[in-house]
Amino acid sequence: MASRLVPKVNSKLGGSPCKEKHVVLLSPVGKIQISGCETGVHEIKLPKTSVLPSGAEPSAACEVCEGPEEMPEPLQQCTAWLRAYFCEPATTGSLPLPAFHHPLLQRDSFTRQVLWTLLNDVKFGEAVSYKQLADLAGNSRAARAVGGAMRSNPIPIIIPCHRVIRSSGDSGNYGGGQQLKEWLLSHERLQKEKVAGGGGP
């Protein structure tokens, strides 16, 4: 590979390179880094954290703490969606999902198929096993490949790889760490019960 290619996101021949912008969202679980351009979100990086808030009460503390003044629309939508996820989870269903602009989600592959299936079919407060997700994505014998797809998910939380657990009921591995995965699952369970119980103002 030519070492001249310095830009972080290499442009396709003839196309213009992405003008990548970065945003940091201060969330209840720590600082979430989001990168993207006018075309879509490139990546969400979860905090590597070992200290998480106890209880999964929705927190009003979810604000952009670093970012450009002119934020591309996909980044605006992404931060709005994540803020709603942590603070008012019942509203995420009515918000637009940001466009994604990561090579993994452009290519036609089983990984992409798995990630789209997860995004569309596994709802807030639900969980599926790796095998169930392989079934949903059309290849019941591909549970291991599903594990690989989860590891390479560039847009965690929005593409909810934390909802994929082992058949035994064990939460399994997670890019942000097992504690974060369990916190997200418990946050969703509690919020779902609250909505089902008619709680809230």
Side-chain angles (χ1 to χ4, degrees), residues 23-25 27-36 40-50 52 56 62 74-75 77-86 89 92-93 95-192:
V23 175
V24 179
L25 188 69
S27 81
V29 297
K31 287 184 175 177
I32 296 174
Q33 296 176 12
I34 307 159
S35 59
V41 176
H42 294 182
E43 200 173 8
I44 294 176
K45 283 198 175 122
L46 297 173
K48 288 274 186 265
T49 179
S50 54
L52 287 169
C62 195
L75 286 182
Q77 291 174 333
C78 183
T79 53
W81 195 97
L82 287 170
R83 190 181 291 131
Y85 175 86
F86 287 111
T92 54
L95 290 174
L97 279 170
F100 303 138
H101 191 225
H102 186 280
L104 191 67
L105 298 168
Q106 316 291 316
R107 283 197 306 268
D108 202 14
S109 64
F110 183 66
T111 294
R112 187 180 98 149
Q113 172 80 12
V114 166
L115 293 172
W116 282 128
T117 302
L118 178 59
L119 177 65
N120 293 316
D121 297 358
V122 183
K123 302 298 179 212
F124 188 91
E126 295 175 1
V128 291
S129 71
Y130 292 93
K131 184 180 180 330
Q132 286 170 318
L133 184 54
D135 279 343
L136 286 170
N139 186 343
S140 57
R141 292 195 301 281
R144 285 182 78 91
V146 165
M150 296 306 98
R151 274 193 298 282
S152 56
N153 176 12
I155 318 278
I157 302 186
I158 295 185
I159 298 179
C161 53
H162 60 277
R163 294 181 196 151
V164 185
I165 60 174
R166 294 187 176 139
S167 307
S168 63
D170 178 48
S171 64
N173 298 326
Y174 188 56
Q178 195 166 353
Q179 275 185 302
L180 179 55
K181 182 171 187 170
E182 285 171 8
W183 190 93
L184 292 168
L185 289 168
S186 119
H187 168 66
E188 293 191 11
R189 254 195 320 274
L190 284 171
Q191 297 312 312
K192 197 174 174 192

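All figures in this text were calculated on a predicted structure; none of them were measured in a lab. For this chain, numbers begin at 1 and follow the sequence in order. All values below were derived from every heavy atom in this structure, side-chain atoms included, with hydrogens, water molecules and symmetry-related copies excluded.
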From [X] atom [atom1] to [Y] atom [atom2], the distance as rounded to the nearest 0.5 Å:
| X | Y | atom1 | atom2 | result |
| --- | --- | --- | --- | --- |
| D108 | Q106 | CG | CD | 11.5 Å |
| I34 | E43 | CD1 | CD | 11.0 Å |
| N153 | L119 | CG | CG | 9.5 Å |

Side chain to side chain donor-acceptor pair (under 3.5 Å) partners of [X], counting only residues at least two apart:
| X | result |
| --- | --- |
| S35 | E20 |
| Q33 | none |
| R112 | none |

Considering all heavy atoms of both residues, which atom of [X] and which atom of [Y] are nearest to each other, and what is their separation?
| X | Y | result |
| --- | --- | --- |
| G30 | S27 | O-OG, 2.8 Å |
| C78 | I44 | SG-CD1, 3.8 Å |
| I165 | A127 | CD1-CB, 4.0 Å |
| C161 | P156 | SG-CB, 4.3 Å |
| T111 | S152 | CG2-OG, 3.8 Å |
| P98 | P74 | CB-O, 3.3 Å |

Worksheet item: Can you pull the salt bridge (charged side-chain N to carboxylate O under 4.0 Å, His left out) pairs that have at least one residue in residues 120-139, sequence neighbours excluded?
Response: K131-D135
Worksheet entry | Residue pairs fulfilling salt bridge (charged side-chain N to carboxylate O under 4.0 Å, His left out) with at least one residue in residues 146-163, sequence neighbours excluded |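 Of all non-adjacent pairs touching residues 146-163, those that pass salt bridge (charged side-chain N to carboxylate O under 4.0 Å, His left out) are R163-E188.
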Worksheet entry | Pair H102 and H42, ring centroids less than 6.0 Å apart |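 When the ring centroids of H102 and H42 are compared, they turn out to be at least 6.0 Å apart.
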Fill in: Set of ring pair (Phe, Tyr, Trp, His ring centres under 6.0 Å) partners for Y130, sequence neighbours left out
none
Fill in: Partner residues of F100 under the ring pair (Phe, Tyr, Trp, His ring centres under 6.0 Å) criterion, sequence neighbours left out
W116
Worksheet item: Parallel under 30°, tilted from 30 to 60°, perpendicular over 60°: which one fits the rings of W183 and F86?
Response: tilted
Discussion item. side-chain contact (heavy atoms from CB on, under 4.5 Å) for I158 and V41? Distances and angles first, verdict last.
Written reply: CA-CA 11 Å; I158 295 185; V41 176; over 6 Å; no
Worksheet item: Taking it one step at a time, do N173 and M150 satisfy side-chain contact (heavy atoms from CB on, under 4.5 Å)?
Response: CA-CA 9 Å; N173 298 326; M150 296 306 98; over 6 Å; no
Using modelled atom types and a 3.5 Å cut-off, is there a donor and acceptor pairing between side-chain atoms of [X] and backbone atoms of [Y]?
| X | Y | answer |
| --- | --- | --- |
| H187 | Y85 | yes |
| Q132 | S129 | yes |
| K181 | S171 | yes |

Can you find a heavy atom in the side chain of [X] that is under 4.5 Å from one in the side chain of [Y]?
| X | Y | result |
| --- | --- | --- |
| I155 | L105 | yes |
| L118 | P160 | yes |
| V122 | T117 | no |

Discussion item. My understanding is that only residues two or more places apart in sequence, or in another chain, count here; which of them pass salt bridge (Lys or Arg N to Asp or Glu O under 4.0 Å) with R166?
Written reply: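 With neighbours one apart ignored, the set is D170.
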Practice prompt. Using side-chain contact (heavy atoms from CB on, under 4.5 Å) as the criterion, list what pairs up with R141, not counting sequence neighbours.
Written response: N139
Worksheet item: What residues, two or more places apart in sequence or in another chain, satisfy side-chain contact (heavy atoms from CB on, under 4.5 Å) together with L95?
Response: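 Once residues adjacent in sequence are excluded, the partners of L95 under the side-chain contact (heavy atoms from CB on, under 4.5 Å) criterion are W81, A84.
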Practice prompt. Output, in order, the C-alpha distance, side-chain angles, deciding distance and verdict of side-chain contact (heavy atoms from CB on, under 4.5 Å) for V114 and L133.
Written response: CA-CA 7 Å; V114 166; L133 184 54; 3.7 Å; yes
Worksheet, complete the sentence: For residues 147-181, the ring pair (Phe, Tyr, Trp, His ring centres under 6.0 Å) pairs (sequence neighbours left out) are none
